[in-house]
There are 2 protein chains.
Amino acid sequence: MSTKDIATDGDGPGLPGQVPLLLAMVFRAMNDQFHARLAELGREPLRPAHGYTFRYLATHTDATTADLAAYLGITKQAASKAVAELHEWGYLERRPHPHDRRAQTLALTRRGRDYLQLADQLWTEAEQLWTDLIGADRLEAVRRDLQTYLNHTYGDNEAPLRPLW
Amino acid sequence: MSTKDIATDGDGPGLPGQVPLLLAMVFRAMNDQFHARLAELGREPLRPAHGYTFRYLATHTDATTADLAAYLGITKQAASKAVAELHEWGYLERRPHPHDRRAQTLALTRRGRDYLQLADQLWTEAEQLWTDLIGADRLEAVRRDLQTYLNHTYGDNEAPLRPLW
DNA sequence: TCTTGTGGTCAACTGGGTTGACCACTGGGC
DNA sequence: GCCCAGTGGTCAACCCAGTTGACCACAAGA
């Protein structure tokens, strides 16, 4: 049985099947750092789904709530709730859809774009910490290897970015 | 503004701060595959917290519910619920603690160890897919780089492995 | 012995998700 | 042009894995 500790013992060739869990642990560590910095800066910590919403809206103009729900893999009711909150808090605005009178297009406000920019900056900090440890070349190699996996898995489709567990 | 699509466009040097999100997306992809295979095999998909419980118990004998709660970063009430379920389903057993009459030690049953072994096998499949794409050398390099980050972040402590978002 | 702390459970609540029902509107078939 | 199945959006009720709060049995050092 592979009961060997998967923790931070570090060396040796690595057990088969260990890498996926290492991915999860590293992302968790970076995410913790991200939220710690956010708290340090006194910024309200929007929930994960909000961050993904921002990122989606920044790259998809004229997106509707239903589009967002599909991307996040949640029901449109749930997406609608999130959108209502973010609108109430001034991060995004709803406008009538140009061609469909049922629908509304969503767009980030200045405040929303600022928040996303800050988030990008904090992720960059976390990434930089890793770069300092392993060097820019290795980081770039890792980035390519990750991208290779996504390209293979999703082809030309967009990789889903959303909360998971 | 960094509104460039973070999806699977693939090439180019990569945007700063992109790697943490790539980690999340790759883990998500592997996790999806994991659950798809589990469903294929007709195995009931225990919730994530259950898997982490198994992994913890396999490497920590005489663990108590409170230990588990601390490791998972949840309240002992929540841990107690999970333990009760897993016990009811035959995956673990509770025995009186040798030195403390309040406490109970937790241990996997045969059934629990079997499930963990299956999980390891499915993670190995996901990892293998990546190895096929980038080669064993690159995978091993990635594994070391991930481990380096964890070692730096947690030192000699155990890296937490738990649900997150 | 007393006091403080800890393992474990019961109960009530929270919140982000769900399913279900519904209306307003779209758009293709005829 | 008229239908009608399909879709965008919302309201309402519910679900459930987590929370906080209260509590008891026991532990362990003063």
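Since the structure is predicted, the reported quantities are computational estimates derived from the model, not experimental observations. Every chain is numbered from 1, with letters handed out A, B, ... down the list of sequences.
Residue B:His97 contributes atom NE2, which lies 13 Å from atom C1' of C:dG8 at whole-angstrom precision. If you take OH of A:Tyr52 and P of C:dG17, they are 12 Å apart, rounded to a whole angstrom. Rounding to whole angstrom units, CG of residue B:Leu72 and C1' of D:dT19 are separated by 15 Å. Between A:Leu46 atom CG and C:dG16 atom P there is a gap of 12 Å when expressed in whole angstrom units.
Partners of A:Asp145 by salt bridge (Lys or Arg N to Asp or Glu O under 4.0 Å), not counting sequence neighbours, listed by chain and number: B:Arg138. With sequence neighbours left out, the side chain to side chain contact (heavy atoms under 4.5 Å, CB included) criterion links B:Gln128 to B:Thr131, B:Asp132. Residues passing the salt bridge (Lys or Arg N to Asp or Glu O under 4.0 Å) test with B:Arg111, sequence neighbours excluded: B:Glu44. For the salt bridge (Lys or Arg N to Asp or Glu O under 4.0 Å) test, residues two or more places apart in sequence or in another chain that qualify with A:Arg37 are A:Glu40, A:Glu125. Among residues two or more places apart in sequence or in another chain, the side chain to side chain contact (heavy atoms under 4.5 Å, CB included) test is passed with B:Thr105 by B:Asp62, B:Arg95, B:His97, B:Pro98. The ring-ring contact (aromatic ring centres under 6.0 Å, His included) test applied to A:Phe34 returns A:Trp123, not counting sequence neighbours. Judged as a side chain to side chain contact (heavy atoms under 4.5 Å, CB included), and not counting sequence neighbours, the contacts of A:Ala82 are A:His50. Residues forming a side chain to side chain contact (heavy atoms under 4.5 Å, CB included) with B:Thr61 (at least two apart in sequence, or on another chain): none.
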Polar atom pairs (N or O), protein with nucleotides 10-13 of chain D, under 3.5 Å:
{"residue": "D:dT10", "atom": "OP1", "partner": "A:Arg94", "partner atom": "NH1", "Å": "3.2"}
{"residue": "D:dT10", "atom": "OP1", "partner": "A:Gln104", "partner atom": "NE2", "Å": "3.3"}
{"residue": "D:dT10", "atom": "OP2", "partner": "A:Ser80", "partner atom": "OG", "Å": "2.5"}

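Less than 6.0 angstrom separates the ring centroid of A:Tyr115 from the ring centroid of A:Tyr91.
Among the heavy atoms of the strands lying under 4.0 Å from B:Ala66 are primed sugar atoms or P, OP1, OP2 only; no base atom is included. If you check every strand for non-hydrogen atoms under 4.0 Å, B:Thr64 touches sugar and phosphate atoms only. Across all strands, A:Ala103 comes closer than 4.0 Å only to sugar-phosphate atoms, never to a base (heavy-atom distances).
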Return a single string for nucleotides 25-30 of chain D, one symbol per nucleotide in 5' to 3' order, where B is base contact, S is sugar-phosphate-only contact and - is none, cutoff 4.0 angstrom on heavy atoms. BBS---
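Between the axis at the start and the axis at the end of the helix from C:dT1-D:dA30 to C:dC30-D:dG1 there is an angle of 20°, using five pairs per end and rounding to 10 degrees.
Atom OG1 of A:Thr53 and atom OH of A:Tyr71 lie 9.5 Å apart (nearest 0.5 Å).
Residues in residues 72-90 of chain B take part in these salt bridge (Lys or Arg N to Asp or Glu O under 4.0 Å) pairs, two or more places apart or across chains: B:Arg47-B:Glu85.
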